[in-house]
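Just the heavy atoms: all of them, side chains too, but no hydrogens, waters or symmetry mates, feed the values below. Letters A, B, ... are given to chains in the order of the sequence lines, protein chains preceding strands, and every chain is numbered from 1. Since this is a predicted model, take the numbers as computed values, not measurements.
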2 protein chains.
Amino acid sequence: MDENEKNTEEIILDAAKKVFLRRGFDGARMQEIADEAGINKALLHYYFRSKEKLFDAIFITAFSQFLPHVSETLLSDKPFFEKIQIFVEHYVQMLLENPHLPVFILNELSRNPERVVNFFKLAGVSPEVLGKEIQKNVKAGIIRPIDPRSLVVNLISLCAFPFAGKPLIKAALFDNNEELYQQFLIKRKTEVTIFITNALKPEKTL
Amino acid sequence: MDENEKNTEEIILDAAKKVFLRRGFDGARMQEIADEAGINKALLHYYFRSKEKLFDAIFITAFSQFLPHVSETLLSDKPFFEKIQIFVEHYVQMLLENPHLPVFILNELSRNPERVVNFFKLAGVSPEVLGKEIQKNVKAGIIRPIDPRSLVVNLISLCAFPFAGKPLIKAALFDNNEELYQQFLIKRKTEVTIFITNALKPEKTL
DNA sequence: GTCTATATTGTGATAGAC
DNA sequence: GTCTATCACAATATAGAC
């Protein structure tokens, strides 16, 4: 699929996603989106009545992309720690390809929390099922006792924060070396898995 | 110290901090800051020439507040895991009192990474010293081998992300119940410590 | 120092030709 | 569908009275 074969609407959406992710809703300019798309402002309004509507169109896809599909992965019939490993690998890989996603979503949701309600039904997250799965493994002695919600939060925190805090961490711990930081992020696919695995492995019964 | 005893400059700074933390630089309006301070727009420019300058004035304090003083805590002569506990407790407590701080700092640094360079010298972070301290404990067999930078990143991730991602997590896992989520955040002071401790405790040698 | 006006620029949105 | 030109208003910033 060549870039040129895309219709105008798709070109606009691609451009809008780039600009909104870079600048956020308040910082984005319709002019910059038009430039990025190689068209003029008027056409943006022709396709999407307003800036708000255009934003909504890209936000919904960005949001569902960021929303980790924890359930799917953790509900397969593989061993528990293998599922953790698969999830981390997939999620970090997705973030490597969309590094601006975390801070964008976090920021927009923070400034406008009502959005989350509107878009949540579409994602189909089911914490109850997830909780049962985790507690099953706790009872079987495969993992230490832990609040399922804590585990999910820890999982996402360890994966997503290094992307959201990239400028800070890169400067503080990696001498602002982009390449070094990229390597660090890639290494996290295994590091996070190891860290969580160690945290969850039950005490050896002597 | 009564609110009325503060001079105008301090009143403006307090108001600016509130508004900038709520809305971000792009979303903040000078009018809203003036209203919050109970004065008019012109006076803002009298004290701080421009919006940018006013922002810089509040950013530097917000930034150094968010910057975890990992070094100080971890370099005391207490046992390693006790130091972790103290750090987590202090840091999460500070975030409970400034819940908007993480997403604000993350977002502003992401939109304008150069800032981090300007303000970093003032904070006095020294990763090298920190690295030695951690490696000392690794060699002594007190903790598992781990890249010091990974440990620091994990520590901050687990503490700060639940605040940055509050609207998302609250909706996804806590049915949008504010009180429940507040309890969850408070509980993290101990939960994070336990999680990290378990992850770092060396394998029992049989 | 603090205020009321006002200047000036930026930006989302529309009108209308092609 | 796509463009140029323009409107309408919002927001930063300044002038000048008190």
Side-chain angles (χ1 to χ4, degrees), chain A residues 1-60 62 104 107-108 110-112 114-115 118, chain B residues 1-60 62 104 107-108 110-112 114-115 118:
Chain A
M1 176 75 82
D2 195 31
E3 177 82 358
N4 299 330
E5 292 184 30
K6 287 190 174 174
N7 63 32
T8 308
E9 189 173 327
E10 290 170 324
I11 293 175
I12 291 177
L13 284 173
D14 286 352
K17 187 172 179 183
K18 268 191 205 168
V19 175
F20 278 130
L21 282 193
R22 261 204 306 270
R23 311 250 188 243
F25 179 81
D26 291 324
R29 295 290 162 255
M30 294 297 268
Q31 184 61 59
E32 190 178 353
I33 296 175
D35 292 346
E36 180 80 39
I39 58 170
N40 58 5
K41 283 190 297 177
L43 212 48
L44 296 180
H45 287 92
Y46 175 80
Y47 278 90
F48 305 83
R49 270 178 56 78
S50 66
K51 184 184 179 183
E52 194 100 29
K53 292 243 197 312
L54 177 54
F55 180 83
D56 287 348
I58 76 101
F59 185 79
I60 189 166
F104 170 73
N107 189 49
E108 296 303 333
S110 172
R111 307 257 176 276
N112 198 348
E114 305 85 61
R115 282 194 214 283
N118 301 336
Chain B
M1 178 74 85
D2 196 30
E3 177 81 0
N4 299 329
E5 293 185 29
K6 287 192 174 173
N7 61 33
T8 308
E9 189 172 327
E10 290 171 326
I11 292 175
I12 291 176
L13 283 172
D14 286 352
K17 188 172 179 184
K18 269 191 204 167
V19 174
F20 278 131
L21 282 193
R22 261 205 305 270
R23 311 250 187 243
F25 178 82
D26 291 323
R29 294 292 164 251
M30 294 297 266
Q31 184 61 60
E32 190 177 353
I33 296 175
D35 292 347
E36 180 79 39
I39 56 169
N40 60 5
K41 284 187 295 177
L43 211 49
L44 296 180
H45 287 91
Y46 175 80
Y47 278 92
F48 306 84
R49 268 180 58 79
S50 67
K51 182 183 180 182
E52 194 102 27
K53 292 243 197 312
L54 177 54
F55 180 83
D56 287 349
I58 76 102
F59 184 79
I60 189 167
F104 170 74
N107 189 50
E108 297 303 333
S110 172
R111 308 256 175 276
N112 198 348
E114 306 86 60
R115 280 193 215 283
N118 301 335

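Straight-line distance from the CD atom of E9(B) to the P atom of dT2(C): 11 Å, rounded to whole Å. Put simply, CD on Q31(A) is 11 Å from P on dT4(D), counting in whole angstrom units. In this entry the distance linking CD of E52(B) with P of dT12(D) reads 12 Å, nearest Å. Summarising the geometry, the separation between CG on L43(B) and P on dA15(D) is reported as 16 Å, rounded to the nearest angstrom. Distance CZ (F48(A)) to P (dG1(D)): 12 Å, rounded to an integer number of Å. Across the protein-nucleic acid pair, N40(A) atom CG and dT14(C) atom C1' stand 13 Å apart, rounded to whole Å. As a whole-Å value, the separation of R23(A) CZ from dG12(C) C1' is 17 Å. Note: OH (Y47(A)) to C1' (dA13(C)) measures 18 Å, nearest angstrom.
Nucleic acid contact for L44(A): none, since no nucleic acid atom lies under 4.0 Å from a heavy atom of the residue.
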Distances under 3.5 Å between protein N/O atoms and the N/O atoms of nucleotides 7-11 of chain D, please, pair by pair.
| from | atom 1 | to | atom 2 | distance (Å) |
| --- | --- | --- | --- | --- |
| dA11(D) | OP1 | R29(B) | NE | 2.8 |

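The phosphate of dC3(C) has neither OP1 nor OP2 within less than 4.0 Å of any side-chain N or O from Y46(B). Between H45(A) and dA13(C), a side-chain N or O to OP1/OP2 separation shorter than 4.0 Å is present.
The line from CD1 of I39(B) to CD1 of I12(B) is 4.0 Å long, rounded to the nearest 0.5 Å. Taking CG of N7(B) as the reference point, atom CG of L13(B) lies at 9.0 Å (rounded to 0.5 Å). For the atom pair CE of M30(B) and NZ of K51(B), the computed distance is 7.5 Å after rounding to the nearest 0.5 Å.
With dC3(C), dA13(C), dT4(D) as the candidates, the nucleotide lying closest to the side chain of S50(A) is dA13(C).
Using a 4.5 Å cut-off on side-chain heavy atoms (C-beta onward), R111(A) and N107(A) make contact.
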| D26(A) and R23(B): salt bridge (Lys or Arg N to Asp or Glu O under 4.0 Å), yes or no, with the steps? | CA-CA 9 Å; D26(A) 291 324; R23(B) 311 250 187 243; over 6 Å; no
| request: For the pair D35(B) and Q31(B), evaluate side chain to side chain donor-acceptor pair (under 3.5 Å) and give the outcome as yes or no after the intermediate values. | output: CA-CA 6 Å; D35(B) 292 347; Q31(B) 184 61 60; 2.9 Å; yes
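Between F55(A) and F20(A), the angle of the ring planes goes over 60°, which puts this pair in the perpendicular group of the 30/60° scheme.
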